[in-house]
Amino acid sequence: MKTKEIVFAALFAAFIGVLGLIPPIPLGFIPVPITLQTLGVMLAGCFLGKRTAAISLILFIVIVALGVPLLSGGRGGLSVFVGPSVGYILSWPVAAFCIGYTTEKVWGSLRTWKIVVINIVFGVILVSLIGAPVMALITHTSIWAGLSGAVVFLPGDCIKAIIAAVVAVQVKSISPIEEKVHGS
Ligand SMILES: O=C(O)CCCC[C@@H]1SC[C@@H]2NC(=O)N[C@@H]21
């Protein structure tokens, strides 16, 4: 692993932790909050690329598991991993990897709309498809109830997908993907 890769992965893990300082919005009818941290997950994928993004999110999760309160609302520790949001949390490295993988594929013809679509497919839909059924399992409700409840996250998550895409395209010249693809 290159030093630069480690630095970027650590920086993004810290950045996602900083996003967790913004208080979550609890929703009475579903035991998982609205959080800005998914913005960081999508940005990690489309700015860092598959490998570094996945490493960054795994690092973030390990730090949380060790008890550092980096999740929104100042939560951390192993108890988080038996709670209703565990599926969402564990989906983050997968989503970041998929976003990074597809972003690298379209890097040569990069357009904001392409990154928006990628972010929505993996950072919104895939995250929901993993997170909501796990939430349903843990809260002893039906998968259908879990998935339909999770629809509440979609509007906000789509806005985050757009913001992440706009930012990633704006700063593409300093992205590690640029170096990887064009060797600059
Ligand atoms: O802090 C946690 O315990 C994890 C929260 C997971 C929140 C999920 S991620 C996708 C969806 N979008 C949100 O804003 N909240 C949920």
Peer 1: Once rounded to the nearest 0.5 Å, what's the spacing between atom CD1 of I61 and atom CG of L70?
Peer 2: 11.5 Å
Peer 1: Only one of F122, W107, F97 forms a side chain to side chain contact (heavy atoms under 4.5 Å, CB included) with T102, so which one is it?
Peer 2: F122
Peer 1: Is there a side-chain contact between E5 and P176, using heavy atoms and a 4.5 Å cut-off?
Peer 2: no
Peer 1: Distance from T35 atom OG1 to L19 atom CG, nearest 0.5 Å?
Peer 2: 7.5 Å
Peer 1: Ignoring hydrogens and angles, tell me if any N or O in the side chain of Q37 forms a donor-acceptor pair with the backbone of I89 under 3.5 Å.
Peer 2: no
Peer 1: Taking the side chain as every heavy atom from C-beta outward, state whether K180 and K50 have any pair of such atoms under 4.5 Å apart.
Peer 2: yes
Peer 1: Report the C-alpha distance between V127 and Y88 in whole Å, list the side-chain angles of each, state the deciding distance to 0.1 Å, and finish with yes or no for side chain to side chain contact (heavy atoms under 4.5 Å, CB included).
Peer 2: CA-CA 6 Å; V127 164; Y88 284 105; 3.6 Å; yes
Peer 1: Please name the pair of heavy atoms, one in L43 and one in A164, separated by the smallest distance, quoted to 0.1 Å.
Peer 2: CD1-O, 3.4 Å
Peer 1: If I compare all heavy atoms of A44 with all of L57, which pair ends up nearest, and what's the gap?
Peer 2: CB-CD2, 4.0 Å
Peer 1: Quick check on side chain to side chain contact (heavy atoms under 4.5 Å, CB included): which of I162, V169, I163 does V166 satisfy it with?
Peer 2: I162
Peer 1: Does E178 pair with K172 as a salt bridge, N-O distance under 4.0 Å?
Peer 2: no
Peer 1: Can you tell me how far the CG atom of L147 sits from the CG atom of L129, to the nearest 0.5 Å?
Peer 2: 6.5 Å
Peer 1: Is there a side chain to side chain contact (heavy atoms under 4.5 Å, CB included) between V64 and V68 once you walk through the steps?
Peer 2: CA-CA 5 Å; V64 168; V68 183; over 6 Å; no
Peer 1: If you define the side chain from C-beta out and look only at heavy atoms, does anything of V106 sit under 4.5 Å from I115?
Peer 2: yes
Peer 1: Ignoring hydrogens, what is the shortest heavy-atom contact between I55 and A9? Give both atom names and the distance.
Peer 2: CG2-CB, 3.8 Å
Peer 1: With a 4.5 Å cut-off on side-chain heavy atoms, are L36 and S72 touching?
Peer 2: no
Peer 1: Is any side-chain heavy atom of L48 less than 4.5 Å from a side-chain heavy atom of S175?
Peer 2: no
Peer 1: Evaluate the criterion side chain to side chain contact (heavy atoms under 4.5 Å, CB included) for residue pair V152 and L27; output intermediate values, then yes/no.
Peer 2: CA-CA 9 Å; V152 70; L27 301 162; 3.8 Å; yes
Peer 1: Sequence neighbours left out, what passes side-chain contact (heavy atoms from CB on, under 4.5 Å) with L154? Give chain and number order.
Peer 2: V124, S128, V151
Peer 1: Quick check on the hydrophobic clustering: are F15 and V171 connected, directly or via other members, by side-chain heavy-atom contacts under 4.5 Å?
Peer 2: yes
Peer 1: Out of curiosity, does I22 fall in the hydrophobic cluster containing V167 (side-chain heavy atoms, cut-off under 4.5 Å, transitive links)?
Peer 2: yes
Peer 1: With side chain to side chain contact (heavy atoms under 4.5 Å, CB included) as the criterion, how do F60 and L71 come out once you've worked through the C-alpha distance, each side chain's angles and the decisive distance to 0.1 Å?
Peer 2: CA-CA 9 Å; F60 176 80; L71 283 173; 4.0 Å; yes
Peer 1: Rounded to the nearest 0.5 Å, how far does NZ of K160 lie from CE of M42?
Peer 2: 6.0 Å
Peer 1: Do L11 and I63 sit in the same hydrophobic cluster, where Ile, Leu, Val, Met, Phe, Trp and Tyr count as joined when their side-chain heavy atoms come under 4.5 Å apart?
Peer 2: no
Peer 1: Could you check whether any side-chain N or O of T38 sits under 3.5 Å from a backbone N or O of V41, counting only pairs where one atom can act as donor and the other as acceptor?
Peer 2: no
Peer 1: Quick one: closest heavy-atom pair of S85 and R75, and the distance?
Peer 2: OG-NH1, 4.5 Å
Peer 1: Which heavy atom in I177 sits nearest to a heavy atom in C46, and how many Å separate them?
Peer 2: CD1-O, 3.7 Å
Peer 1: If hydrophobic clusters are built by linking Ile, Leu, Val, Met, Phe, Trp and Tyr wherever their side-chain heavy atoms come under 4.5 Å apart, do F81 and I16 end up in the same one?
Peer 2: yes
Peer 1: Which value, rounded to the nearest 0.5 Å, describes the distance between T112 atom OG1 and N119 atom CG?
Peer 2: 11.0 Å
Peer 1: Measuring from atom NZ of K4 to atom CD1 of I6, what distance do you get when rounded to the nearest 0.5 angstrom?
Peer 2: 13.0 Å
Peer 1: With no hydrogens and no angle check, just 3.5 Å: does a side-chain donor-acceptor pair link T103 and K114?
Peer 2: no
Peer 1: Any side-chain heavy-atom pair from I120 and C158 closer than 4.5 angstrom?
Peer 2: yes
Peer 1: My understanding is that only residues two or more places apart in sequence, or in another chain, count here; which of them pass side-chain contact (heavy atoms from CB on, under 4.5 Å) with I138?
Peer 2: V86, V134
Peer 1: Just checking F12 against F47, ring centres under 6.0 Å apart?
Peer 2: yes
Peer 1: Taking all atoms of both residues into account, what is the closest heavy-atom pair of V32 and F153, and its distance?
Peer 2: O-CZ, 3.3 Å
Peer 1: Counting C-beta onward and ignoring hydrogens, is there a side-chain heavy-atom pair between I130 and L90 closer than 4.5 Å?
Peer 2: no
Peer 1: Honestly curious: do W92 and V62 fall in one hydrophobic cluster under the side-chain, below-4.5 Å linking rule?
Peer 2: no
